[in-house]
Amino acid sequence: FNSQPISVFTMPPLMERNQGPETPETIVCGLTQSIDELRGSLYERVHKHFAEFIVDYGLSSDISSQLMHVQRRVDSLSEEFSGLEIPSLATQFHSQSESLAVLCCICEIDDKLVESDEHFGSGNYKDAAAKVAEAGELLANPKLLQKKLCDHQIVRLLKDEHRIKLAALQSSTLDAWRKLIIWQTHEKQAGAGTGHISLVQILSYVEASAGAQVDVQFDNVLSSLHTLGLLETELEHASEMLLQHLLLPLVKNATLKPSIKHVGREHTLTLADASSGQPKRKSRSHLKLVQETLDSFKDSLHMILSFVIDRLFGRMGEPRKETLLSFGSKVHPQLTAAIIEHQLARIIPMIAEKEAVRDYAMAAATALETDLQTQGLIPEAHESALSRYVQEASVANTNRKRQLLLVKARDILLARGNNTLEVEHATERGGLFPKTERTASEYDTPELRESIYRLPSCQISTSTREFVDLIYTNLDDMKGMAHREAVELFYGVRDVLDLFRSIAPTKLKKPDPYHSAILHNDCFYIAHHLLCLGYRYKASLPEDLQAIATFVDLVPAFRQLGEQALMTMVAEQHSLLREKMETMHGLRECHLPERFNEIRGVLDSCLESAQELGRAWDKTLPSTVFNMTLGSVVTVIMAGLVHEVLSLQDIAERDADGIHELLSIVSEAVPKLWQVELTPTELAEHLPCWTRFHQVRELMVTRLVDIGEKHQDQYWVLKSDELRSMVKALFTNTDMRAEIIAIIA
């Protein structure tokens with residue numbers, strides 16, 4: 001035994017049977033014998049208590065003290081046995097130590113369950129709940145589930161008893177709680193007068209059970225609920241009853257007044273109609289009416305909350321602050337919403353007209369929130385919803401204006417009708433060059449013509465003109481407004497502009513040429529006004545917003561919307577023209593009359609389509625956009641013909657004459673698509689393939705030697721490989737052709 005003398009194991013009477021020198025073997029043997037005897041006594045006591053229901057059995061015995069004495073001796077010897085060189089004895093000692101610990105746990109559970117009965121019988125629900133809760137924690141010890149350490153039947157017996165006591169205690173506590181608080185509401189009968197009456201009666205104590213001589217105090221029941229984990233649910237129910245019977249009726253009816261009465265153990269608060277029998281009051285000013293209403297409401301609310309909090313939580317212990325906050329979190333949201341709806345919302349029109357009324361309402365709302373904080377129902381750092389609501393009441397009219405603005409804008413945008421009107425820079429307000437500052441002739445200068453701030457002449461829808469006028473009208477209203485209201489209206493105008501971007505494209509279900517062009521113009525017309533709109537009205541906004549108050553950020557979005565509407569439609573027209581061009585099936589054998597007429601019919605159809613597009617867009621689109629858009633459509637036809645000619649590998653002389661005639665027909669018809677006479681330079685600017693087209697037509701009737709000379713003069717815009725291909729297709733293989741091809745290379 002590590003060559004050290006072992007301490008003498010002094011046993012209690014049950015363990016003083018073995019005399020003589022102590023060795024590790026005798027100590028373990030004595031320990032085992034003592035634990036077995038204590039186990040038997042303890043199991044018998046538990047069985048008597050909870051199986052045979054002999055509650056006072058073994059209470060005079062000192063099993064607990066014997067277990068504690070053995071436990072202390074085991075603790076003092078554990079270090080010596082942990083270093084023992086005999087593993088079997090050390091293991092056996094450790095096993096007996098674990099058994100002893102489990103026995104101590106069972107003994108403690110038995111004691112607490114018995115003690116809970118004693119407290120429960122004396123009406124001390126608080127301590128009874130504490131003992132049951134402690135027993136439950138001990139029963140959760142995982143070592144109680146090990147067969148080698150304890151008898152499972154004993155553990156099951158203890159768990160069953162714990163479950164029974166817990167259920168009985170919960171039931172009795174809840175029953176007592178509901179007897180302690182009584183909620184009632186009724187309406188007076190017509191014969192006895194009319195009016196609302198509601199009350200809450202809170203008792204100081206209640207009898208534990210029918211016929212019992214023991215009283216259960218209110219705070220005792222409240223603490224028991226907290227220990228048993230039932231308090232949160234009951235506070236939820238109490239908050240609902242408080243709102244239903246007292247607070248919400250008070251908020252909705254200004255004639256209800258509370259009164260308090262104390263009689264013995266009964267404490268009653270009654271909420272009744274106080275207007276009956278009182279003379280009718282004279283008319284008062286808005287301010288006086290608001291003051292009287294809010295002051296009366298504040299006093300009544302304070303009386304009700306003080307009574308309820310004092311009677312429910314006045315004698316509560318440590319968790320009082322947390323419990324009050326939990327209770328307040330259930331009452332405060334609905335109470336605040338009701339105050340806003342039935343008290344503050346009624347004086348909003350007065351607030352909009354009277355600054356003094358707004359100030360008093362703000363002070364009253366702040367006082368209400370402060371009272372709730374003082375009562376402990378909401379934390380001190382809680383945001384004041386009531387004050388915020390009153391503070392924002394002055395913006396209510398502006399919000400209505402903002403809503404009306406959206407409604408008016410929507411009605412304008414959804415109105416039926418396709419009427420248009422012509423607009424030009426000289427007739428438009430806004431921008432950097434207002435019409436009142438210059439004459440019409442002064443607008444037509446090279447600098448202004450090239451300026452991005454100049455509005456080109458075009459057609460727009462009358463609804464868009466009305467839409468822009470609506471924007472200017474509302475922005476004009478910002479002058480003289482309070483800054484916050486001006487900010488709301490400013491962002492309301494931005495919302496209206498977003499509304500246009502959402503609705504306008506939906507009206508264009510099918511992208512036809514005319515209405516797509518109008519939508520394009522509408523978008524660019526609005527974008528033109530947005531360039532300087534923010535600059536013009538920023539003085540009406542708060543200084544901290546003036547630097548960023550602008551509409552310029554919306555300009556790219558409107559331009560993109562207009563371009564997308566136009567380009568989508570133009571792309572569709574390109575596709576239709578290409579489909580028509582494919583029906584020609586190339587330019588082969590065009591010397592044949594039937595073939596020539598077939599190809600000419602397709603070209604006439606394509607040119608007619610381009611002419612219809614020109615009529616739809618002329619005077620509708622701005623001139624530069626018109627030239628670019630119509631030019632892109634005509635380019636599809638001309639580029640398609642150039643491609644067909646260049647793809648031919650062999651062109652007979654008769655076919656060359658037919659191709660020349662067909663290309664000449666197109667060349668003569670294209671300039672007529674514009675309603676004004678264009679110079680060749682202007683045509684080349686609008687039609688990127690104009691020069692290539694004419695040179696391909698010219699090649700059909702040009703001599704081989706002239707082709708070579710013009711190439712040396714750098715006349716041709718065709719690529720070298722395209723020109724060589726045409727020479728090979730048009731002329732037979734001769735030495736001169738080979739020489740010209742070599743020159744072109």
Side-chain angles (χ1 to χ4, degrees), residues 181 183-185 195-202 218 235 238-262 266-275 278 287-316 320-321 323-347 357 359-390:
I181 307 177
W183 305 91
Q184 290 182 357
T185 295
H196 173 98
I197 295 180
S198 58
L199 63 84
V200 57
Q201 187 177 80
I202 302 177
F218 186 95
L235 288 182
S239 66
E240 293 175 0
M241 293 296 100
L242 177 61
L243 288 165
Q244 175 185 341
H245 293 277
L246 298 177
L247 297 184
L248 295 184
L250 175 68
V251 173
K252 296 176 182 178
N253 192 341
T255 64
L256 296 180
K257 303 297 178 186
S259 60
I260 298 174
K261 184 177 181 181
H262 302 283
E266 298 176 356
H267 311 276
T268 307
L269 183 144
T270 304
L271 186 66
D273 191 345
S275 62
Q278 294 184 358
L287 177 59
K288 189 67 174 177
L289 178 62
V290 169
Q291 288 176 338
E292 292 180 358
T293 301
L294 292 180
D295 287 346
S296 175
F297 173 73
K298 284 191 301 179
D299 294 341
S300 298
L301 180 63
H302 177 79
M303 180 183 293
I304 293 174
L305 292 177
S306 297
F307 173 83
V308 172
I309 292 173
D310 180 63
R311 301 316 308 175
L312 291 185
F313 310 107
R315 299 177 60 185
M316 194 173 184
R320 182 177 188 273
K321 182 178 180 180
T323 304
L324 271 176
L325 289 175
S326 176
F327 184 69
S329 67
K330 299 171 177 60
V331 174
H332 181 257
Q334 292 189 52
L335 176 61
T336 300
I339 292 174
I340 290 174
E341 180 181 358
H342 299 284
Q343 293 286 335
L344 299 180
R346 292 179 179 179
I347 60 175
V357 174
D359 292 341
Y360 194 84
M362 173 67 75
T366 303
L368 285 170
E369 294 281 357
T370 303
D371 188 41
L372 292 175
Q373 291 176 351
T374 304
Q375 300 274 18
L377 295 177
I378 58 176
E380 294 182 0
H382 191 275
E383 182 182 5
S384 175
L386 299 178
S387 301
R388 186 179 68 251
Y389 181 84
V390 176

Undergrad: For the atom pair CG (Leu301) and CG (Leu294), what is the distance rounded to the nearest 0.5 Å?
TA: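 That separation rounds to 12.0 Å.
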Undergrad: Kindly give the heavy-atom pair with the smallest separation between Leu271 and Pro258, and that separation in Å.
TA: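 Heavy-atom minimum between the residues: CD1-N, 3.7 Å.
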Undergrad: For residues Gln343 and Phe297, report the shortest heavy-atom separation together with the two atoms involved.
TA: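 Between these two residues, the closest heavy atoms are NE2-CD1, 4.0 Å.
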Undergrad: Begin from the C-alpha positions of Leu235 and Leu312 and carry the test side chain to side chain contact (heavy atoms under 4.5 Å, CB included) through to its verdict.
TA: CA-CA 10 Å; Leu235 288 182; Leu312 291 185; 5.7 Å; no
Undergrad: Could you give the distance from OG1 (Thr374) to CG (Leu305), rounded to the nearest 0.5 Å?
TA: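 It comes to 11.5 Å.
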Undergrad: Are the side chains of Ile304 and Leu242 in touch, meaning some heavy atoms are under 4.5 Å apart?
TA: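 The answer is yes, as the side chains (C-beta and beyond) meet within the 4.5 Å cut-off.
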Undergrad: How far apart are the closest heavy atoms of Ser300 and Leu250, and which atoms are they?
TA: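 Taking every non-hydrogen atom into account, CB-CD1, 3.7 Å.
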Undergrad: Considering all heavy atoms of both residues, which atom of Phe313 and which atom of Arg320 are nearest to each other, and what is their separation?
TA: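 Looking at all heavy atoms of both residues, the closest pair is O-NE, 2.8 Å.
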Undergrad: State the CE-CG distance between Met303 and Leu246, to the nearest 0.5 angstrom.
TA: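 Separation between the atoms: 12.5 Å.
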Undergrad: As an exercise, state the distance from CE of Met362 to CG of Leu386, rounded to the nearest 0.5 Å.
TA: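 Rounded to the nearest 0.5 Å, the CE-CG separation comes out at 10.5 Å.
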Undergrad: Does Val290 offer a backbone N or O that forms a donor-acceptor pair with the side chain of Thr293 under 3.5 Å?
TA: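 Answer holds: no.
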Undergrad: What's the separation between atom OG1 in Thr268 and atom CZ in Phe307, rounded to the nearest 0.5 Å?
TA: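 If we round to the nearest 0.5 Å, Thr268:OG1 and Phe307:CZ are 6.5 Å apart.
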Undergrad: With the side chain counted from C-beta on, respond yes when Lys252 and Glu341 share a heavy-atom pair under 4.5 Å apart, and no when they do not.
TA: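 They are not in side-chain contact.
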Undergrad: Ser296 side chain to Glu292 main-chain N or O, any donor-acceptor pair under 3.5 Å?
TA: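 No.
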Undergrad: I need the Glu266 CD to Lys261 NZ distance, nearest 0.5 Å.
TA: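 One gets 9.0 Å once the value is rounded to the nearest 0.5 Å.
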Undergrad: Return the minimal non-hydrogen interatomic distance between Ala338 and Val251, and the atom names on each side.
TA: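 That would be O-CG1, 3.3 Å.
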Undergrad: Lys330: which residues meet the salt bridge (Lys or Arg N to Asp or Glu O under 4.0 Å) condition with it, sequence neighbours left out?
TA: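 Applying salt bridge (Lys or Arg N to Asp or Glu O under 4.0 Å) to Lys330 gives Glu232.
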Undergrad: Would you check if there is a donor-acceptor pair between the side chains of Ser387 and Thr366 at a distance under 3.5 Å?
TA: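 On atom types as modelled, these side chains qualify, holding a pair under 3.5 Å.
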Undergrad: Are the side chains of Val331 and Leu372 in touch, meaning some heavy atoms are under 4.5 Å apart?
TA: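 In short, these two side chains do not touch, never coming nearer than 4.5 Å.
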Undergrad: Apply the test side chain to side chain contact (heavy atoms under 4.5 Å, CB included) to residues Leu269 and Leu199: give CA-CA distance (whole Å), side-chain angles for both, the deciding distance (0.1 Å), then the verdict.
TA: CA-CA 5 Å; Leu269 183 144; Leu199 63 84; over 6 Å; no
Undergrad: Testing the basics here: between Ile378 and Glu369, what is the closest heavy-atom pair and its distance to 0.1 Å?
TA: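 For Ile378 versus Glu369, the nearest heavy atoms are CD1-OE1, 3.5 Å.
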